[in-house]
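The sequence lines fix the lettering, A, B, ..., with proteins before strands; numbering per chain opens at 1.
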Number of protein chains: 2
Amino acid sequence: MTGLTFNSWQAIQDEVMRRIHARVWPPGTVIPNEADLALEFGCARATVNRALRALAEMGILERRRKAGTRVALHPVSRATLDIPVIRQEITERGQSYGYQRLSCAILRPPAEIARTLWINPASDALHVSALHLSETRPFVIEDRWINLTTAPAAAAQDFETLSANEWLVVTIPYTHGSIRFTAAAATAQEAELLCTTPGAPVFVVERLTWDHERTVTLARLCYGPGYSITTGIGTPS
Amino acid sequence: MTGLTFNSWQAIQDEVMRRIHARVWPPGTVIPNEADLALEFGCARATVNRALRALAEMGILERRRKAGTRVALHPVSRATLDIPVIRQEITERGQSYGYQRLSCAILRPPAEIARTLWINPASDALHVSALHLSETRPFVIEDRWINLTTAPAAAAQDFETLSANEWLVVTIPYTHGSIRFTAAAATAQEAELLCTTPGAPVFVVERLTWDHERTVTLARLCYGPGYSITTGIGTPS
DNA sequence: CAGATTATTATGTATAGACATAATTGCAGA
DNA sequence: TCTGCAATTATGTCTATACATAATAATCTG
């Protein structure tokens, strides 16, 4: 008996975390139910629910109706990354942003692109490639295909001064998507644009976005050597 | 007046999303307050709060006390990645897992490592390097330094059959940490271990974990060519 | 008029009670 | 014994009300 009453959901969260850390509730343990915990902590069940739900969202607890709440066996660390618009990514580092369009054309996409975008391989799509600069130095190559069925307004744009990256976020909303991170060797063309040598390791981000049932755009962002993404993990506490 | 009543927080969330998409509330708009929305939707304020809070966590809305709730200007896409234990990462792909320890020794860490781990450069730390295999093929090189002040029990382990990766998660808890993703060129040693050529692009993940005020471990995971991390973005809807 | 103080307001959170829902458990019938 | 239905149970959620808190707006004072 602690005798103390925890009256905020944060305090309850901390106490639950403390017990998990202290191995009072080792991984795999089914912890007492909400009603019992509420009684022990001297608070309402809703408050306990709030605390446990937040921990479940972080991947520390696993909850299932009727089965109860258990401490996750493999506490996978969950990292949330914010992927800003490229301009923002650069200006947030206190550097000046530059943009240079390389090409913009409506053309027949390669078979693989057509398949990924779920469009008829015989129909056209908008292809835009551009270079984003940080302090006059090349930062990232943007190679993008836009589904004109979903975003017909894109055909009227030339993306000469405004990047497709920015135009899309303020014009064509998306409901969901997927993102992929890889390391690749720079092609001859990429190397030249990024002022590096062919075969140099580049960080590649591929994004595919959807608006409900339709694909919006497929973007391949190719970051030069030295680029890294950093974020925090674990309980922000 | 819609006349319809939205009685679940999910329905309210959907309706708010619909209005944002339909540009009824374009980016930057301050939306009506919770009380008014509750009245309009015919539900309790707590229900509206639940819906809006979830959207704020996703980065779609920005909320501040008194100032109100506004639609985010730059809807940064937020991706949450689950970083599992390496064994799990491999077995979840339906492949067999193999482990091979390369070295394990208590020694004086390089200056940079000591600084990152916040330990006295004159004191020792535990260094472990290992190779994780997927279907007998090299998958990732683990190069790790463990702070023996925080995890003294690690000194008694030889990590011959159980990887430090797994031993740590079940033995030494951590409260928070940071993670970094980069592309790098394989060194001669890394190339040999990963059965590739020196200079080949490798995907590098660096993780530093803390337990309250003390560092626990610094791990560098070096994934062979072809490796990629994929995750979803946007509203899981 | 500047600066400090107070009022207002929107979000944040707690509570008690109720009902909804999913999933397990156990019982009953074939 | 196996199958299927029903009881149980823990989480999930909604409501109405209340108070806390932070930040802005308004007001008062030197």
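What separates CH2 of Trp9(B) from C1' of dG12(D) is a distance of 10 Å, to the nearest Å. Atoms CD (Glu62(A)) and C1' (dA10(D)) sit 16 Å apart, rounded to a whole Å. One atom, CZ of Arg50(B), and another, C1' of dC14(D), lie 11 Å apart when rounded to the nearest Å. Counting to the nearest Å, the P atom of dA14(C) and the CG atom of Asn49(B) are 11 Å from each other. Nucleotide dT15(C) holds its P atom 13 Å from the CD atom of Glu34(A), rounded to whole Å. Summarising the geometry, the separation between CG on Leu39(B) and P on dA10(C) is reported as 14 Å, rounded to the nearest angstrom. Taking atom CD1 of Ile12(B) as the reference point, atom P of dT13(D) lies 13 Å away to the nearest angstrom. Gln13(A) has its CD atom 11 Å from the P atom of dT13(C), to the nearest Å.
The number of heavy atoms from other shown groups lying within 6.0 Å of CD (Glu92(B)) is above 12. When the shell of 6.0 Å around CZ of Arg137(A) is examined, it contains 12 or fewer heavy atoms from other residues, nucleotides or ligands.
Contact between Ala51(B) and Trp9(B) at its shortest, heavy atoms only, is CB-O, 3.4 Å.
Side-chain N or O atoms of Arg70(A) include one that pairs as donor or acceptor with a backbone N or O of Gly28(A) at under 3.5 Å.
Between dA10(D) and Arg63(A), no contact under 4.0 Å exists linking OP1 or OP2 to a side-chain N or O. In terms of phosphate contacts, Thr69(B) brings a side-chain nitrogen or oxygen within less than 4.0 Å of OP1 or OP2 of dT11(C). Side-chain N/O atoms of Arg53(B) include none lying less than 4.0 angstrom from OP1 or OP2 on dG12(C).
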Once each nucleotide of nucleotides 15-23 of chain D is scored for protein heavy atoms under 4.0 Å, what B/S/- sequence comes out, 5' to 3'?
B--B--BSB

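Ion pair Glu112(B)/Arg115(B) not flagged as a salt bridge, since none of the NZ, NE, NH1 or NH2 atoms sits closer than 4.0 Å to an Asp/Glu carboxylate oxygen. The residues Arg19(A) and Glu40(A) are annotated as salt-bridged, a charged nitrogen and a carboxylate oxygen being separated by less than 4.0 angstrom.
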Using the rule given for side-chain hydrogen bond (donor to acceptor under 3.5 Å, both in side chains), can you reason through Thr80(B) versus Arg78(A), listing the C-alpha separation, both sets of side-chain angles and the distance that settles it, and then say yes or no?
CA-CA 7 Å; Thr80(B) 48; Arg78(A) 195 159 290 178; over 6 Å; no

